[in-house]
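For reference, the structure discussed in these notes is given below.
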Amino acid sequence: MLNAIANIRIRTITSCFFLLTIAGTSQVLAEDKHIDLAVRQTTEGYKLFFDNSECPGRLFDYGCVEAAHGNSPNISWELDSASRGEWELIALQFSPDGNNWGAPGVPLKDCTVEDFNLPPADKVSGYASTAHVTANGQKMMIKDYNKNQCITHYLVHAQNRSTGEKISSHPIIDNRGGN
């Protein structure tokens with residue numbers, strides 16, 4: 001009788017350990033990334049600013065996003081409360097090198113297309129049609145499958161709700177691969 005009770009306890013502990021291990025693995029795979037945005041007026045006009053970094057070790061590299069090896073995060077951007085009344089997020093665009101944005105003859109790298117599950121037309125235009133704008137333009141999100149080691153430059157595009165003026169800003173996504 002005591003052996004039966006001991007075996008039940010061991011199985012229960014083993015099952016709990018197994019479930020915690022699975023839950024811990026899911027947490028690593030779901031380590032989402034979030035970047036806060038603000039629109040500020042400068043002497044040159046309105047500019048889109050990034051207020052934080054998601055790159056460990058590069059905390060002042062604002063807008064930088066790093067997807068660790070084995071992580072497949074959702075990446076999101078959100079306008080601050082002071083900006084969202086007048087501005088809205090409208091698009092996300094990628095570049096192979098940070099200089100060519102949908103330039104003829106300079107398509108996106110295959111690793112970018114694969115990591116963000118982009119259709120063939122996006123490879124040429126650079127626009128990420130798999131990105132979703134939500135909350136009446138306050139937020140934007142894209143799934144990063146992070147299958148490859150790949151540096152992807154990105155532009156977040158915002159538009160003034162009244163005037164239609166467009167602004168953008170561009171840091172990088174540093175994928176470490178592994179999925």
Side-chain angles (χ1 to χ4, degrees), residues 31-56 58-67 71-148 150-175:
E31 188 180 313
D32 292 340
K33 306 295 181 173
H34 180 78
I35 299 294
D36 296 309
L37 302 169
V39 177
R40 298 185 184 110
Q41 190 167 16
T42 69
T43 57
E44 300 166 7
Y46 288 100
K47 300 273 184 191
L48 186 60
F49 288 90
F50 298 92
D51 286 339
N52 62 316
S53 173
E54 284 284 356
C55 287
R58 301 188 305 198
L59 299 178
F60 297 106
D61 193 358
Y62 296 131
C64 179
V65 176
E66 181 182 304
N71 188 15
S72 182
N74 289 308
I75 302 172
S76 62
W77 296 265
E78 184 174 5
L79 287 170
D80 67 357
S81 59
S83 303
R84 62 178 63 145
E86 193 173 345
W87 295 87
E88 63 184 331
L89 301 176
I90 57 170
L92 178 65
Q93 189 176 19
F94 293 135
S95 167
D97 57 12
N99 294 313
N100 294 286
W101 302 91
V106 189
L108 295 177
K109 296 182 263 182
D110 290 338
C111 60
T112 298
V113 172
E114 187 176 342
D115 282 357
F116 296 96
N117 196 30
L118 302 175
D122 290 4
K123 183 172 185 170
V124 176
S125 71
Y127 281 96
S129 64
T130 57
H132 302 284
V133 176
T134 63
N136 195 26
Q138 295 175 29
K139 298 178 184 180
M140 184 167 37
M141 184 175 65
I142 192 166
K143 177 69 175 174
D144 182 354
Y145 294 93
N146 189 23
K147 297 176 182 179
N148 307 283
C150 187
I151 300 290
T152 300
H153 299 264
Y154 73 90
L155 279 173
V156 172
H157 295 278
Q159 176 176 286
N160 186 289
R161 293 179 190 273
S162 301
T163 68
E165 177 184 358
K166 294 180 179 157
I167 57 175
S168 59
S169 192
H170 61 89
I172 64 164
I173 297 170
D174 185 355
N175 278 346

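Since we're looking at a predicted model, the values are computed, not measured.
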Residues D36 and H34: side-chain donor-acceptor under 3.5 angstrom: yes

Do L155 and S95 have side chains that approach each other closer than 4.5 Å (heavy atoms only, starting at C-beta)? no

Looking only at atom types and distance, does a side-chain atom of D32 sit under 3.5 Å from a main-chain N or O of N74, one as donor and one as acceptor? yes

Side chains of K123 and D110, heavy atoms from C-beta outward: is any pair under 4.5 Å? yes

With distance as the sole criterion, is a donor-acceptor pair present between the side chains of N160 and E86 under 3.5 Å? yes

Aromatic ring centroids of Y127 and W101 under 6.0 Å? no

Quick one: CD on Q138 to CG on N136, what's the gap to the nearest 0.5 Å? 6.5 Å

What about the rings of F50 and H170, do their centers lie closer together than 6.0 Å? no

Check the pair I173, D144 against side-chain contact (heavy atoms from CB on, under 4.5 Å), reporting the backbone distance first and the verdict last. CA-CA 10 Å; I173 297 170; D144 182 354; 3.9 Å; yes

Decide if the gap between the ring center of Y145 and the ring center of F116 is smaller than 6.0 angstrom. no

Roughly how far apart are I151 CD1 and T112 OG1, rounded to 0.5 Å? 9.5 Å

If you apply the rule side-chain contact (heavy atoms from CB on, under 4.5 Å), what do you find for K166 with I90, and how did you get there? CA-CA 9 Å; K166 294 180 179 157; I90 57 170; 3.9 Å; yes

Evaluate K33 against E66 for salt bridge (Lys or Arg N to Asp or Glu O under 4.0 Å), listing each step before the verdict. CA-CA 8 Å; K33 306 295 181 173; E66 181 182 304; over 6 Å; no

Testing M140, H132, M141, H157 one by one against L92 for a side-chain contact (heavy atoms from CB on, under 4.5 Å), which residue passes? M140

Distance col, row L108:CG vs T152:OG1, nearest 0.5 angstrom, shows 8.0 Å

Check C64 against P171 and note the closest heavy-atom contact, atom names and distance. N-CB, 4.1 Å

For F49 and T42, run side-chain contact (heavy atoms from CB on, under 4.5 Å): C-alpha distance rounded to whole Å, both residues' side-chain angles, the deciding distance at 0.1 Å, then the answer. CA-CA 11 Å; F49 288 90; T42 69; 4.0 Å; yes

Does the side chain of V156 come within less than 4.5 Å of Q93's, by heavy atoms? no

Are any of the side-chain heavy atoms of R40 and K47 separated by less than 4.5 Å? no

Are S72 and K143 close enough that some pair of their side-chain heavy atoms sits under 4.5 Å apart? yes

Nearest 0.5 Å please: distance from the CH2 atom of W87 over to the CZ atom of R161. 11.0 Å

I need the single residue from V113, I142, D122 that forms a side-chain contact (heavy atoms from CB on, under 4.5 Å) with F94. Which is it? I142

Has K109 got more than 12 heavy atoms of other residues, nucleotides or ligands less than 6.0 Å from its NZ? yes

As a quick check of understanding, evaluate side chain to side chain donor-acceptor pair (under 3.5 Å) for N146 and D115, giving each step before the final call. CA-CA 5 Å; N146 189 23; D115 282 357; over 6 Å; no

Can you list the steps and then say if L89 with L37 is a side-chain contact (heavy atoms from CB on, under 4.5 Å)? CA-CA 10 Å; L89 301 176; L37 302 169; 3.7 Å; yes

Using every non-hydrogen atom in the two residues, find where N148 and N175 come nearest and quote the distance to one decimal. O-CB, 3.5 Å

So CG of L59 and CG of N52: to nearest 0.5 Å the spacing works out to 10.0 Å

Can a donor-acceptor pair be found between the side chains of S83 and D80 at a distance below 3.5 Å? yes

At what distance, to the nearest 0.5 angstrom, does OG of S168 lie from OH of Y154? 12.0 Å

All heavy atoms of L118 vs all of S129, minimum pair found to be CD2-N, 4.3 Å

